[in-house]
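The structure under discussion appears below in the form of structure tokens.
Note that the structure is predicted; figures quoted are calculated from it, not measured. Only this structure's heavy atoms are used, side chains among them; waters, hydrogens and symmetry mates stay out.
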Protein chains: 2
Amino acid sequence: MTASVARTDTSTSPRKRAGNGAALREDVDDIGLDALVGHAGYAVRRFQLWIFQDFIKTLGDVDIRPTQYSVLTVIGANPGLSQMAVAKRLGIERARLVHLLDSLEQRRLVKRIKSKTDRRSHALHLTAQGDTALAKFKRLAAAHERHVEEKIGKANREQLLQILACFT
Amino acid sequence: MTASVARTDTSTSPRKRAGNGAALREDVDDIGLDALVGHAGYAVRRFQLWIFQDFIKTLGDVDIRPTQYSVLTVIGANPGLSQMAVAKRLGIERARLVHLLDSLEQRRLVKRIKSKTDRRSHALHLTAQGDTALAKFKRLAAAHERHVEEKIGKANREQLLQILACFT
DNA sequence: GGAAGATTGTTGTTGACGACAACAATTGCT
DNA sequence: AGCAATTGTTGTCGTCAACAACAATCTTCC
């Protein structure tokens with residue numbers, strides 16, 4: 001039960017349009033997806049699009065994107081990690097992580113500290129400012145997560161997390 | 001039951017490393033994700049990455065990517081659609097669809113036919129070659145879908161499709 | 001019937017992102 | 001000491017979403 005199902009609901013849809021030349025009978029969401037309906041990848045792509053847009057909007061005031069949030073969270077929970085360790089854990093390329101950390105370091109949320117035990121690597125830490133900021137980000141992210149719950153239903157969200165747990 | 005769960009299995013992992021300078025006790029997948037574990041977006045991102053890579057690999061011989069496949073499928077099932085209709089139905093921007101169709105048209109899989117009823121728009125059709133090609137793509141895509149089933153389990157895949165049906 | 005507004009396809013730009021390849025500095029192994 | 005591997009970094013390439021602008025065309029409304 002619950003789950004809501006909620007129709008597609010693509011914002012503006014003030015009831016069709018009278019006579020359209022080209023569209024003829026094809027009135028959007030009257031168009032069949034054929035084989036696409038059985039593909040998990042398609043559904044996941046649409047879902048990810050929706051969920052990222054909501055995340056970006058919800059955390060818009062603090063200007064934090066999903067990837068940045070994941071980096072901050074992991075560093076916050078595991079201070080002193082190397083860039084390589086963070087990259088491997090999150091499935092980010094270490095080349096990409098360089099730019100992400102550059103940005104976060106400029107914003108004084110993260111600092112790279114030269115490791116004493118391995119002079120190649122950096123130990124990553126949140127700044128004091130980064131620590132309090134992350135707390136705020138987490139509250140906003142929790143609000144975003146509630147949006148997801150409202151969209152697909154509480155039980156469905158939890159099942160989703162369980163099904164996909166092997167990818168985290 | 002079933003479901004397999006299957007560990008993360010990120011290719012090469014030949015059992016830790018003896019003494020590592022920087023990593024210390026953090027031996028990958030010993031690193032906590034903290035708040036991230038409760039976020040559907042993170043799980044979905046990782047899953048989508050996996051699923052797209054498998055799709056691209058499985059359809060590698062025919063050089064068809066997920067978005068191209070979705071466009072071909074919709075056109076095949078609804079001949080004569082306008083670019084706008086396809087874009088709206090698939091959640092693609094019409095600007096992006098232009099390049100996608102340019103590519104598919106060069107490969108003689110799709111043709112744009114000037115609409116008589118609306119001289120602004122194009123009626124999209126598969127070529128004969130595109131029609132037989134799509135049939136092959138669908139067989140390969142079905143193989144990809146079986147990979148998904150093996151990864152997350154048959155029942156889980158179906159539940160996933162049901163949960164995310166409101167986004168398709 | 002004609003002006004004003006909306007729609008369609010197109011081009012171009014921007015930025016996030018994943019995948020690769022190369023490199024210097026450093027470390028580990030033998 | 002020497003050679004292979006690792007770490008951070010830089011750079012390039014291609015995909016993709018989000019915008020903005022534009023010409024051609026259609027709709028609508030007066």
- request: Determine yes or no for a side-chain-to-main-chain donor-acceptor pair under 3.5 angstrom, with B:Arg89 supplying the side chain and A:Ile31 the backbone.
  value: yes

- line: Per-nt protein contacts along nucleotides 11-21 of chain C (heavy atom under 4.0 Å; B base, S backbone sugar-phosphate only, - none) come out as BB---SSSBB-

task: Round to a whole Å and report the spacing from CD of A:Gln48 to P of D:dA18.
output: 11 Å

message: Whether A:Glu105 and A:Arg112 form a salt bridge (side-chain N of Lys/Arg under 4.0 Å from carboxylate O of Asp/Glu) is what I want to check.
response: yes

- prompt: Within this structure, what is the NE2-to-P distance between B:His122 and C:dT7, rounded to whole angstrom?
  reply: 19 Å

- prompt: With distance as the sole test, does B:Asp118 use its side chain to make a donor-acceptor pair with the main-chain N or O of B:Arg120 at under 3.5 Å?
  reply: yes

Atom-pair distance (CG on B:Leu101; P on D:dC16), nearest Å: 13 Å

field: B:Gln68 side-chain N/O to B:Arg65 backbone N/O, donor-acceptor pair under 3.5 Å
entry: yes

task: Check whether any side-chain N or O of B:Gln48 sits under 3.5 Å from a backbone N or O of A:Gly41 as a donor-acceptor pair, and report yes or no.
output: no

- prompt: Between atom NZ in A:Lys88 and atom C1' in D:dA5, what is the gap in whole Å?
  reply: 12 Å

- prompt: Does A:Arg120 get its side chain close enough to the base of C:dT27, under 3.5 Å, for a donor-acceptor pair?
  reply: no

query: Less than 6.0 Å separating the ring centroids of B:Phe47 and A:Phe167?
result: yes

statement: In whole angstroms, the gap separating C1' of D:dG8 from NZ of A:Lys111 amounts to 20 Å

message: Taking A:Arg157's backbone N and O only, do any of them form a donor-acceptor pair with A:Glu149's side chain (distance below 3.5 Å, no angle check)?
response: no

task: With axes from five pairs an end, tell me the bend angle of the helix from C:dG1-D:dC30 to C:dT30-D:dA1, nearest 10°.
output: 20°

message: Looking at B:Gln83, I'd like to know whether one of its side-chain N or O atoms comes within less than 4.0 Å of OP1 or OP2 on C:dT7.
response: no

field: Interatomic distance, A:Arg46 CZ vs D:dC16 C1' [rounded to whole Å]
entry: 14 Å

- prompt: Taking the side chain of B:Arg119 as heavy atoms from C-beta outward, which of D:dT25, D:dT7, C:dT26 is closest to it?
  reply: D:dT25

- line: Taken in chain and number order and not counting sequence neighbours, the residues that satisfy side chain to side chain contact (heavy atoms under 4.5 Å, CB included) with B:Thr58 are B:Asp54, B:Ala143, B:His144, B:His147

message: Closer than 3.5 angstrom, by distance alone: can the side chain of A:Thr127 be matched with the main-chain N or O of A:Arg108 as a donor-acceptor pair?
response: yes

task: Provide, to the nearest angstrom, the distance between the CD1 atom belonging to B:Ile56 and the P atom belonging to D:dT15.
output: 10 Å

message: In whole Å, I'd like the distance from the CD1 atom of B:Ile64 to the P atom of D:dG14.
response: 18 Å

